[in-house]
2 protein chains.
Amino acid sequence: MTRKPTKAALPSAIRAGAKDPARSKEEAPASSRATRAAERRAAIVEAAMDEFIARGFAATRLDDIAKRAGVAKGTIYLHFKDKESMFEELVRIVIVPVVARLTALPPPAGSVRDLIEAFASSFLKEVIGTRRGDLVRLIVAEGPRFPSVADFYYREVVSRGIAAMRALIELGIARGEIREKDLARYPQILVAPAMIAVIWQSLFARHAPLDAQEMLRVHLDLIFGERRTT
Amino acid sequence: MTRKPTKAALPSAIRAGAKDPARSKEEAPASSRATRAAERRAAIVEAAMDEFIARGFAATRLDDIAKRAGVAKGTIYLHFKDKESMFEELVRIVIVPVVARLTALPPPAGSVRDLIEAFASSFLKEVIGTRRGDLVRLIVAEGPRFPSVADFYYREVVSRGIAAMRALIELGIARGEIREKDLARYPQILVAPAMIAVIWQSLFARHAPLDAQEMLRVHLDLIFGERRTT
DNA sequence: AATCTATGACTGACTAGTCAGTCATAGTCA
DNA sequence: TGACTATGACTGACTAGTCAGTCATAGATT
C-alpha cells in the first residue's frame, strides 16, 4: 500500500544499468521486443521444468526459477497467472510437441513387429532416461493433486497411446504375428515395461542400471515369439 | 533449516539413560503408559500416512497430521525427530510388515504358474487400489528427493522382489512351463503390468477403470501360454 | 512429591504474489 | 536524419501469510 520509493530505487537502477549490457552480449542476435519476450518465456519454461522435476511442485521456489531463468520474479507473472497455472501450462507446453511428433507415425510398411520396434526405439531415445522421462514421473507424482493435469495427460497421451497400441496389436493378430488374442484388450501390457523403465531410471539406476533396450527386446520376443533373423 | 538450540538434546539424553532399565522393569504392567504411547504413535503414523499420500511431503502440514491423529503438535516431536525423518520412518514402518508377509511364501507346491498366480492374487488384494498402492506412488513421487527412502525401498522391496521373481522364472524355465529363457534376465517384465495397475488406479481410474485382475491373467497367459483347464 | 508426558500458543524463517518505478525500443514528427 | 514521446517489458523491495519446530505450563502416573 504505502510505498517508499525513495532510496530503494537507486541501487536497483544502478544494477539494472550494469546488468543489461552483459546480458545483451550473450544473446548474439539483435532482437525485437516480441522476440525477446518469447525468449524469456522459453527460458522460464525451461527453468521451471528443471526445478519442478528436481523438487516437485510444492517445494519449488519461484525465486529459484527466476534466478535460473535469468529473470526477475515479477517477470514470471507477466507470462503466467500463478504458480499453479504455470505448472499446468508447463506440462501442456512440453507434452504437446512430443505427442505431435509421435502421432506422425511411420508409414505402415513392414511387419507389425517392425513398427512396434521403431516405436520402442524412438521412445527409448526420446523419453527413457531423459528429462521427458522425468516429466512423466512428475505427472505420476503430482497427478492426484492436479486433476486437470492428470486429465490432460490421459486425454492427450494415454488414451491416444493406448488406442494406437491397440490398433497395432489387432493388426498383428490379424496377420498372425501375435498369438495372444486378449492382448488387444489390455494394450497396457505392451507398454508396461517401457513405463517401468522410465521410473526405474529415475529411482534405481544408481543401484542397478537397467538395459532398457534389451529388456524391451525380450518383452517383444515374448509377445511375437523368438526374434526372426532379419 | 533445522536449528540445534541446545536444550533439545537434554530430554533425549535423559531418555537414553533411562531406556534400558525401564524396559526390563515395566514389561509386566502393559496397559497404561507404554500402551497409550504406542497407541498415540500408531495414530500419528496412520494420520501422517493419509496426509502424505493426499498431499505429498512438502505440502503436508504437521498441524493437519496432529489434528487428524487427535494429538497436539508437540506430541509428534516426542515420537519423531522432525518432519523429514518422520517421513522416512513412516515408509519403513508401513513397508516392513508387508515385506515380511510376502516373504513368507507359500510352500513350493503346485506349478510355477500357480505360485505366481497366488502371488499376483495377494498383490491385487493387498496393494492395488489400496492405500498401500498409494504409498508406492508416493515413493515414486518423493524418491528422488529422499534418496534414503529410495535406497531403503530398493533394498527391502525391489531387489528382493526381483530376486524372488527371478527364482520363480528360472524354476518355470527348468520345468518347461516358460518358453522365453531371457525372461529370467528381466523379471521386471513379469512385474511391470502390476505396477502399471497400481499407478493407473491412482491416476486414471476415473477416466477408464482397469480390471487389474483380468489384465494380470492375460499377461500370465502371454508368459505361460494359454490357460490350462484346471 | 517427583517424574514423565502432553499441550498449544508462540517464534522466526521462508515465500507467493504485488506494484511503483525504470529503461530500451517503437513510433511520430520536423 | 535527429529529437522527442509513448509503450510496456522488466525489475526487485515489499507485504501478508504460512508453517516447522520450541518451550513454558498443565496434567497424569508412580
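Each chain gets a letter, A, B and so on, in the order its sequence line appears, and its residues count up from 1.
- What separates OH of Tyr77(A) from P of dG17(C) is a distance of 4 Å, to the nearest Å.
- Phosphate contact (OP1/OP2 of dT7(C), side-chain N/O of Arg40(B), threshold under 4.0 Å): present.
- Residue His79(A) places at least one side-chain N or O under 4.0 Å from the OP1 or OP2 atom of dC10(D).
- Judged by a 6.0 Å distance limit and a 45° cone about the ring axis, Arg217(B) is not positioned over the six-membered ring of Tyr186(A).
- Cation-pi geometry between Arg92(B) and Phe152(B) is met: under 6.0 angstrom from the ring centre, within 45 degrees of the axis.
- Considering only heavy atoms from C-beta on, Ile65(A) comes within 4.5 Å of Leu62(A) through its side chain.
- Distance NZ (Lys73(B)) to C1' (dC19(D)): 6 Å, rounded to an integer number of Å.
- For the pair Ile76(B) CD1 and dA20(D) P, the interatomic distance rounds to 9 Å; values are reported in whole Å.
- The distance between atom CD of Glu39(A) and atom P of dT25(C), rounded to the nearest whole Å, is 12 Å.
- Taking atom CE of Met86(A) as the reference point, atom C1' of dA16(C) lies 11 Å away to the nearest angstrom.
- Backbone-only contact: Lys83(B) has heavy atoms under 4.0 Å from sugar-phosphate atoms and none from a base.
- The side-chain hydrogen bond (donor to acceptor under 3.5 Å, both in side chains) test applied to His79(B) returns no partner, not counting sequence neighbours.
- Of the candidates dT7(C), dG17(C), dG21(D), dT7(C) carries the atom nearest the Val71(B) side chain, counting heavy atoms from C-beta on.
- The distance from atom CD of Glu51(B) to atom P of dA20(D) is 11 Å, rounded to the nearest whole Å.
- Applying a 4.0 Å cut-off to non-hydrogen atoms, the residues of residues 55-66 of chain B that approach DNA chain D are Thr60(B), Arg61(B), Leu62(B), listed by residue number.
- When side chains are defined from C-beta on, Leu135(B) counts as touching Ile95(B), because their heavy atoms get closer than 4.5 Å.
- Note: CG (Leu78(B)) to P (dG27(D)) measures 17 Å, nearest angstrom.
- Spacing between atom NZ of Lys81(B) and atom P of dT22(D) amounts to 9 Å, rounded to whole angstrom units.
- Not counting sequence neighbours, the partners of Asp63(A) by the salt bridge (Lys or Arg N to Asp or Glu O under 4.0 Å) test are Lys73(A).
- By the 6.0 Å and 45° rule, Arg206(A) does not stack over the aromatic ring of Tyr154(B).
- The side chain of Thr75(B) contributes an N or O atom lying less than 4.0 Å from OP1 or OP2 of dT7(C).
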